[in-house]
Participant: 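Below is a structure I'd like to ask you about.
Position 1 is the first residue of the sequence, and the numbers go up from there.
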Amino acid sequence: MQPIRFVTATLATAATAALLLPLGAAPAAADRHHGPDGRHTPPHSNAKFDRLRWAAPEDFVIGTAVAGGGHHLEQDYPDPFTSDGRYRRVLAQQFSSVSPENQMKWEYLHPERDRYDFAMADRIVDFAERNGQVVRGHTLLWHSQNPAWLEEGDFTDAELREILRDHITTVVGRYSGRIHQWDVTNEIFDEAGNLRTEDNIWLRELGPGVIADAFRWAHEADPHAELFLNDYGVEEVNAKSDAYYELSQQLLADGVPLHGFSTQAHLSLNYPFPAGLEENLRRFDDLGLATAVTEMDVRMNVPENGRPTAAQLREQADYYRQGLAACLAVEGCDSFTIWGFTDKYSWVPVFFEGEGSATVMTDDYTRKPAYHALWSTLKRAEYDRG
Ligand code: XIL
């Protein structure tokens, strides 16, 4: 192993040094062989060292959302995951974990009360297995992207409970042994740390006890999957993450099979980097929970010419670096996922007016400084852990 270590360390140092070069001065125009920062980026390379998943420490997975469904349906391109060969190639080469962006949400998996549709989710899980990737299941209990038959239906509490139990048992059971982590609940608290009892149908109709039930049903259906509480806006120690901290303690005290807490990390250059991220993950780690970053992207106000400035790209790279470094610094944080890897398919411009360029590659898969920041941060951690 020694000579290989030496080679990788040299590469890491070279990449790190390149990152530290002042990028702002006079960036070469981006073209097929040069990134927006002017650095040489081969458009297609088979070199192993050229991959995020290869740079990562052992037992640490680097993931991405798999584009499809949701906002993509309204765009003028076909389904990315099933139609874009280049997209699939980069997906397979760069990442060791995948999260269906929409394809495991209720509206896709459960289009009618008595009908499940696993076609899209199956394709992702099969793809992941063929490519030696783990899968994060997203998500089982959420207020959003539920089918109309559910949200507008007229069910008794007992029926609703049975609908949720059946869904969790069926879906988690189908992929039993093939899912690394499940976001059992998603976004169950509001900013003030109150349970979303108005817009979340399950909490509204069945009360907070349904959270523990969801975890128990999921665990029964797949005893090997790690079961997570997932949300946005919980990067820092704040009212919302405090609510999760209390809920976690309660669930653990009650013997509920809760295994992890994760933060989405949809960040923006319009706000400072959430400096408390590591501290916050660590307090959940101290409870004995796994932690994860599950949906990181870093959006920015896109200048009128459509091209981010070198300073914006540099700042974005620094956010990605800090987000990944915070996770790497916490022992039980062994899964870090970005919400898409190319701007071509990012949800950001559709949901945040005037903002964009949030992922680590441009529309044509040119690597941004953020990509290199992830690579060298992984590589350094791999070397340090040696
Ligand atoms: C987003 C998808 O990226 C879009 O395609 C879809 O239209 C809406 O949902 N938090 C989550 C994700 O947990 O499921 C959301 O994904 C982004 C915010």
Side-chain angles (χ1 to χ4, degrees), residues 35 50-57 60-68 70-72 80-81 87-103 124 128 131 133-136 138-139 180-181 183 228 230-232 235 262-269 273-274 277 281 291-300 308 313 315-328 333-352 355-363 365-379 381:
D50 202 22
R51 299 170 185 184
L52 295 174
R53 63 185 293 181
W54 179 83
F60 187 90
V61 292
I62 175 86
T64 179
V66 177
H71 78 278
H72 302 285
F81 174 65
Y87 177 84
R88 291 165 66 91
R89 211 158 46 237
V90 179
L91 178 66
Q93 286 179 344
Q94 294 289 337
F95 299 95
S96 47
S97 177
V98 294
S99 305
E101 185 175 1
N102 295 288
Q103 303 90 331
I124 295 176
N131 291 292
Q133 298 165 315
V134 297
V135 181
R136 293 199 85 260
H138 177 76
T139 173
H180 177 215
Q181 302 179 335
D183 291 331
F228 276 69
N230 186 56
D231 211 323
Y232 67 87
E235 289 76 40
S262 50
T263 182
Q264 296 178 5
H266 292 292
L267 306 183
S268 165
L269 293 187
F273 180 84
L277 177 57
L281 293 177
T291 54
V293 174
T294 53
E295 307 183 13
M296 184 159 181
D297 50 19
V298 183
R299 57 190 192 270
M300 61 184 75
L313 292 173
E315 200 186 353
Q316 179 187 51
D318 198 52
Y319 277 43
Y320 271 103
R321 181 188 60 72
Q322 291 189 69
L324 175 56
C327 178
L328 284 163
C333 190
D334 57 11
S335 168
F336 177 90
T337 294
I338 56 179
W339 209 237
F341 55 89
T342 164
D343 290 340
K344 187 176 181 187
Y345 299 131
S346 169
W347 74 306
V348 165
V350 179
F351 282 80
F352 302 88
E355 294 182 82
S357 192
T359 77
V360 300
M361 296 183 193
T362 63
D363 280 18
Y365 300 90
T366 303
R367 295 165 185 188
K368 302 182 194 172
Y371 172 91
H372 301 287
L374 291 184
W375 190 93
S376 56
T377 305
L378 289 168
K379 198 70 204 128

Participant: Going by the rule ring-ring contact (aromatic ring centres under 6.0 Å, His included), which residues pair with Phe81 if we only count those two or more places apart in sequence or in a different chain?
Facilitator: Phe127
Participant: Could you state the interatomic distance from CG (Asp343) to CG (Asp363), rounded to the nearest 0.5 Å?
Facilitator: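 These two atoms lie 6.0 Å from each other.
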Participant: Which atoms form the tightest heavy-atom contact between Ala55 and Trp375, and what is the distance?
Facilitator: CB-NE1, 3.7 Å
Participant: Test of understanding: with side-chain contact (heavy atoms from CB on, under 4.5 Å), list the residues that count as partners of Pro308, not counting sequence neighbours.
Facilitator: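 For Pro308, the residues satisfying side-chain contact (heavy atoms from CB on, under 4.5 Å) (neighbours in sequence not counted) are Met300, Gln312, Leu313, Ser357.
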Participant: Taking the side chain as every heavy atom from C-beta outward, state whether Pro57 and Leu328 have any pair of such atoms under 4.5 Å apart.
Facilitator: yes
Participant: Does Glu315 have any salt bridge (charged side-chain N to carboxylate O under 4.0 Å, His left out) partners at least two apart in sequence or in another chain, and if so, which?
Facilitator: none
Participant: Please walk me through it: do Val298 and Phe273 pass side-chain contact (heavy atoms from CB on, under 4.5 Å)?
Facilitator: CA-CA 10 Å; Val298 183; Phe273 180 84; over 6 Å; no
Participant: Is any side-chain heavy atom of Leu277 less than 4.5 Å from a side-chain heavy atom of Cys327?
Facilitator: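 The answer is no; the side chains never approach within 4.5 Å.
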Participant: Go through the structure and list residues passing side-chain hydrogen bond (donor to acceptor under 3.5 Å, both in side chains) with Glu101, not counting sequence neighbours.
Facilitator: His72
Participant: Main chain of Ile62, side chain of Ser96: is a donor-acceptor contact present, judged purely on distance under 3.5 Å?
Facilitator: yes
Participant: Kindly indicate, with the supporting measurements, whether the criterion side-chain contact (heavy atoms from CB on, under 4.5 Å) is fulfilled by Leu324 and Phe60.
Facilitator: CA-CA 11 Å; Leu324 175 56; Phe60 187 90; 3.8 Å; yes
Participant: Check side-chain contact (heavy atoms from CB on, under 4.5 Å) between Ser268 and all other residues, then give those that pass, not counting sequence neighbours.
Facilitator: Asn270, Tyr271, Arg299, Glu355
Participant: Carefully, step by step, assess Glu295 and Tyr232 under the rule side-chain contact (heavy atoms from CB on, under 4.5 Å).
Facilitator: CA-CA 9 Å; Glu295 307 183 13; Tyr232 67 87; over 6 Å; no
Participant: Over all heavy atoms of both residues, which pair between Ala65 and Thr337 is shortest? Give the atoms and the distance, please.
Facilitator: N-CG2, 4.1 Å
Participant: Who passes salt bridge (charged side-chain N to carboxylate O under 4.0 Å, His left out) against Asp318, sequence neighbours left out?
Facilitator: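 With sequence neighbours excluded, Asp318 shows a salt bridge (charged side-chain N to carboxylate O under 4.0 Å, His left out) to Arg321, given in chain and number order.
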Participant: Please answer whether the main-chain N or O of Phe95 pairs with a side-chain N or O of Gln133 as donor and acceptor at a distance below 3.5 Å.
Facilitator: yes
Participant: Between Tyr365 and Lys344, is any pair of side-chain heavy atoms under 4.5 Å apart?
Facilitator: yes
Participant: Which heavy atom of Cys333 sits nearest to which heavy atom of Leu281, and what is that distance?
Facilitator: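 Looks like SG-CD1, 4.2 Å.
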Participant: List in chain and number order the residues that pass salt bridge (charged side-chain N to carboxylate O under 4.0 Å, His left out) with Asp297, two or more places apart in sequence or in another chain; answer none if no residue qualifies.
Facilitator: none
Participant: Got a second to check how far Arg136's CZ is from Thr294's OG1, nearest 0.5 Å?
Facilitator: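 Going from CZ on Arg136 over to OG1 on Thr294, the span is 5.5 Å.
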Participant: If the condition is side-chain contact (heavy atoms from CB on, under 4.5 Å), which residues does Ala325 pass it with, not counting sequence neighbours?
Facilitator: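 Ala325 satisfies side-chain contact (heavy atoms from CB on, under 4.5 Å) with Thr377 only.
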Participant: Please round to the nearest 0.5 Å and tell me the distance separating atom CD of Gln322 and atom CE of Met296.
Facilitator: 8.5 Å
Participant: Counting only N and O atoms by type, is there a donor-acceptor contact under 3.5 Å from the side chain of Arg53 to the main-chain atoms of Ala92?
Facilitator: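 Such a contact is found between Arg53 side chain and Ala92 backbone.
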Participant: Has the side chain of Thr263 got a donor or acceptor atom that lies under 3.5 Å from a matching backbone atom of Val293?
Facilitator: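 Between the backbone of Val293 and the side chain of Thr263 there is no qualifying donor-acceptor contact (under 3.5 Å).
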Participant: My understanding is that only residues two or more places apart in sequence, or in another chain, count here; which of them pass side-chain hydrogen bond (donor to acceptor under 3.5 Å, both in side chains) with Tyr87?
Facilitator: none
Participant: To the nearest 0.5 angstrom, please state how far the CZ atom of Arg367 sits from the OG1 atom of Thr362.
Facilitator: 11.0 Å
Participant: Atom CD of Gln181 and atom CG of Asn230: how far apart are they, to the nearest 0.5 Å?
Facilitator: 10.0 Å
Participant: Taking all atoms of both residues into account, what is the closest heavy-atom pair of Val135 and Ala128, and its distance?
Facilitator: CG2-CB, 3.5 Å
Participant: Restricting to side-chain hydrogen bond (donor to acceptor under 3.5 Å, both in side chains), what partner residues turn up for Ser99, sequence neighbours left out?
Facilitator: none
Participant: Who are the ring-ring contact (aromatic ring centres under 6.0 Å, His included) partners of Tyr320, not counting sequence neighbours?
Facilitator: none
Participant: Without swapping roles, check the side chain of Glu235 against the backbone of Ala265 for a donor-acceptor pair under 3.5 Å.
Facilitator: yes
Participant: Report the residues that fulfil side-chain contact (heavy atoms from CB on, under 4.5 Å) with Phe351, sequence neighbours left out, ordered by chain and then residue number.
Facilitator: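 Once residues adjacent in sequence are excluded, the partners of Phe351 under the side-chain contact (heavy atoms from CB on, under 4.5 Å) criterion are His71, Trp347.
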Participant: What is the distance from atom CZ of Phe336 to atom CG of Leu374, rounded to the nearest 0.5 Å?
Facilitator: 5.5 Å
Participant: For Tyr371 and Leu52, run side-chain contact (heavy atoms from CB on, under 4.5 Å): C-alpha distance rounded to whole Å, both residues' side-chain angles, the deciding distance at 0.1 Å, then the answer.
Facilitator: CA-CA 8 Å; Tyr371 172 91; Leu52 295 174; 3.6 Å; yes
Participant: Kindly say whether Asp183 contributes a backbone atom to a donor-acceptor pair with the side chain of Thr139 at under 3.5 angstrom?
Facilitator: yes
Participant: Give a yes or no answer on whether the side chain of Gln94 reaches the backbone of Phe341 with a donor-acceptor pair at less than 3.5 Å.
Facilitator: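 Such a contact is absent between Gln94 side chain and Phe341 backbone.
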Participant: Taking the side chain from Lys368 and the backbone from Thr359, do they hold a donor-acceptor pair closer than 3.5 Å?
Facilitator: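 At least one qualifying donor-acceptor pair exists.
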